[in-house]
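Remarks on the structure that follows.
Order of listing sets the numbers, starting from 1, for every ligand and every atom in it.
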Amino acid sequence: MALNTLLFSWFPFLLFIPLLYLFIRRKPDGRNRPPSPPKLPIIGNLHQLSTKLHRSFSRLSLKYGPIMLMDICSVPLLVISSSEMAREILKTHDHVFCSRPKLDGVRRHSYNHKDIAFSPYGNYWREMRKLCVLEVLSPKRVQLFGYVRVEEVAYMIDSISASCSSVIRLDKKLMFLTDHIIQRVALGTSYRGKNDDSREFSKLVHGALYTIGLSSAADMVPFLGRVIKFVTTLSYWHEKNFRALDSFLDQVVKEHTDPNRQKSESEDIVDVLLRLQSGDQFGEVSLTKTHIKAAVMDMFIAGIDTTAVSIGWTMAELVRNPRVMKKVQTEVRSCIGKKGKVEESDLDRLHYLKMVIKESLRLNPPSSILLPRESMSHCNINGYDIDPKTMVLVNVWGIGRDPGLWKNPNEFFPERFIDCSIDPKGQYFEFLPFGSGRRGCPGMQLATAVSELALANLLYCFNWELPAGMKAVDMDMDEGGIFVIHKKSGLQLVPIKYNWES
Ligand code: HEM
């Protein structure tokens, strides 16, 4: 049959599809739903989104408002773009929106949603979260692991010193730093230098983040996603990666239960979890090996990239803004003098550095959109009806750049935080880099401690230049990534050793 005959014989059916769609689309049910951008049959609003979801949502919210109901291949998606609406979701109605959708893409790596970050709201999550906040990532434990941060930052500074005056990939050094800090905090050891495990392990963790991100994005477009997963063999790689990480964690648990094992300076996270498993201190849920592996996996998946990426964005903003760079280096160097390194006890005096970090988190929150939440029951927000099981995305990036909340919002201007009580701890809904409410980030204290110490030392020990021929104004700040938004082109800089003795 000729191609045009085939097309013409199908043409009436093609016309029929939009009509069928109009017929079967949701009939008015008397409920007042949030405004929605116009949609297409089958794909809904998918065609209005780019790979930079936060930018697409910000653009659409200018027209459709701060609470917008989208339809992605028949999956309802509530997009939140203002501080007032974020407060409604994360505080006023936190009890309704504190669950997470069960995305198939994360099922494997979260041990069937048995971890903290991706498990739905319920008894199990409550107990795991309590354990995480009160034991695993408690302020006391973060403080106890101060020596790990000091040693690992010193290791990074030494390795940068060895490549002084030449171009380095600072983003990679930072990833190495956070990777080893989290490894040592969670497992009691980092495998650097002993064998090749560490490189293999980092590769697995980054692979996991990548395949989780891609699979979850694919899950949001049900049919198309399944086709994409099949064609790209994504599920295979996802599964393979999970199995390798799982057997690594099996080995770790086995080593920790070996009676002849030499204990590290402080109890690591696996030690803590095993201790709780053997006692009866862990509420109603009994801790199994799978729960322990799931909790540890979360630390890696949630903690390594976010922290490294956030330090990287701060360095990129500083190199682009020489005035701020000079001011913050003057503060650090005059506070520290000829001591040779910044110690944790010095950090409280570095007020401008803290403002620089806040300003960078405002402009470039690593989680530009909070991890997805899901409504557990019907709820009324600002007069709009929200159905149960609606997926909710809060666009933290868009809120941080809202001109109604921030003067010259795209400018990197840390001084805006002088005499300003706004902090990132989740009480100020115009600034939510760590989220808020029951699901807010439990790793915030650890992340802040690592970021401040690493940045203070990078700024104290080196002056920073761009590779020859590059100008600060030309710096490529394009974003990449799905769950964690990083600087797409990496961070290539030239460190020049600063002589603090002169
Ligand atoms: C600069 C670094 C970090 C940033 C920007 C960040 C940001 C976030 C955000 C936005 C969320 C979702 C909050 C919400 O839904 O309201 C989150 C959740 C989480 N983060 Fe972080 N995070 C960082 C570092 C860490 C670290 C170092 C750890 C642990 C080692 C960690 C562990 C977690 C966990 C376990 C969750 C899930 C909490 C839950 O669902 O109950 N994060 N983080």
Side-chain angles (χ1 to χ4, degrees), residues 54 80 86-87 89-91 94 97-101 106 110 113-122 124-133 136-138 141-142 145 148-149 174-175 177-179 181-187 205 209 268-269 294-314 357-358 360-374 391-397 399-400 424-427 429 431-452 454-455 481 483-486:
H54 51 287
I80 299 297
R87 177 191 291 273
I89 300 287
L90 305 175
K91 187 171 182 184
D94 189 24
F97 293 98
C98 62
S99 198
R100 302 258 191 236
V106 293
S110 65
H113 305 283
K114 284 196 168 57
D115 67 332
I116 305 146
F118 289 106
S119 65
Y121 185 77
Y124 174 74
W125 170 81
R126 261 204 312 270
E127 293 296 340
M128 286 296 274
R129 169 90 193 188
K130 210 160 53 185
L131 177 147
C132 185
V133 173
V136 169
L137 292 168
S138 67
R141 197 160 302 280
V142 171
F145 278 109
V148 172
R149 294 189 288 277
L174 292 170
M175 206 61 88
L177 169 79
T178 54
D179 191 352
I181 290 179
I182 304 280
Q183 272 197 58
R184 287 182 65 184
V185 170
L187 315 177
V205 171
L209 263 169
D268 61 55
I269 288 175
V296 173
M297 187 89 92
D298 243 14
M299 304 296 124
F300 293 121
I301 304 287
I304 296 176
D305 277 37
T306 43
T307 313
V309 157
S310 115
I311 306 172
W313 279 118
T314 311
I357 294 174
K358 278 191 197 173
S360 176
L361 282 171
R362 178 187 71 81
L363 277 175
N364 314 291
S367 298
S368 59
I369 294 172
L370 296 186
L371 290 179
R373 298 187 175 221
E374 188 178 81
M391 197 191 296
V392 183
L393 296 182
V394 180
N395 185 1
V396 167
W397 181 89
I399 296 173
K425 294 181 189 161
Q427 299 308 313
F429 294 84
F431 185 41
L432 294 166
F434 295 100
S436 177
R438 290 171 171 79
R439 286 284 183 165
C441 176
M444 181 171 56
Q445 258 166 321
L446 177 59
T448 308
V450 174
S451 306
E452 289 184 359
L455 276 164
F483 277 141
V484 180
I485 305 299
H486 58 262

Taking C-beta and beyond as the side chain, do [X] and [Y] meet within less than 4.5 Å on heavy atoms?
| X | Y | value |
| --- | --- | --- |
| F429 | L90 | yes |
| I357 | E452 | yes |
| P442 | R129 | yes |
| M444 | P433 | no |

Point-to-point distance, once rounded to the nearest 0.5 Å, from CZ of R362 to NZ of K358
12.0 Å
Starting at CZ of F145, measure out to CG of D268 and round the result to the nearest 0.5 Å.
6.0 Å
Please say whether [X] places an N or O atom under 3.5 Å from an N or O atom belonging to ligand 1.
| X | result |
| --- | --- |
| R100 | yes |
| S436 | yes |
| W125 | yes |

To which protein heavy atom is [atom] closest, and what is the distance rounded to 0.1 Å?
| atom | answer |
| --- | --- |
| atom 21 (Fe) of ligand 1 | C441 SG, 2.3 Å |
| atom 16 (O) of ligand 1 | R373 NH2, 2.5 Å |
| atom 6 (C) of ligand 1 | F434 CD2, 3.6 Å |
| atom 38 (C) of ligand 1 | R129 NH1, 3.4 Å |
| atom 32 (C) of ligand 1 | A302 CB, 3.5 Å |
| atom 24 (C) of ligand 1 | T306 OG1, 3.4 Å |
| atom 2 (C) of ligand 1 | A447 CB, 3.5 Å |
| atom 27 (C) of ligand 1 | G303 CA, 3.6 Å |

With a 4.0 Å heavy-atom cut-off (strictly under), which part of [X] contacts ligand 1: side chain, backbone, both or neither?
| X | value |
| --- | --- |
| T307 | both |
| S451 | neither |
| L137 | side chain |
| A117 | both |

Would you confirm whether [X], through its side chain, and [Y], through its main-chain N or O, come within 3.5 Å as a donor-acceptor pair?
| X | Y | value |
| --- | --- | --- |
| R100 | I116 | no |
| S368 | P365 | no |
| R439 | F97 | no |
| W313 | I485 | yes |
| N395 | H54 | yes |

Closest non-hydrogen atom pair, T306 against S367:
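Looking at all heavy atoms of both residues, the shortest contact is CG2-OG, 4.5 Å.
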Heavy-atom contact under 4.0 Å between F118 and ligand 1?
no
Does M444 come within less than 4.0 Å of ligand 1, judged by its heavy atoms?
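Not so, M444 does not reach ligand 1.
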Check this for me, if you would: do R373 and D94 make a salt bridge, where the nitrogen-to-carboxylate-oxygen distance has to be below 4.0 angstrom?
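Yes.
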Counting heavy atoms only, name the option from R126, M299, R439 that's nearest to atom 13 (C) of ligand 1.
R439
Heavy-atom distance to atom 19 (C) of ligand 1: which of P442, G443, A449, A295 wins?
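It is P442 whose heavy atom sits nearest to atom 19 (C) of ligand 1.
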Contacting atoms of ligand 1, where contact means under 4.0 angstrom from a heavy atom of [X]:
| X | value |
| --- | --- |
| D298 | 35 (C) |
| L370 | 10 (C), 16 (O) |
| P433 | 5 (C), 7 (C), 10 (C) |

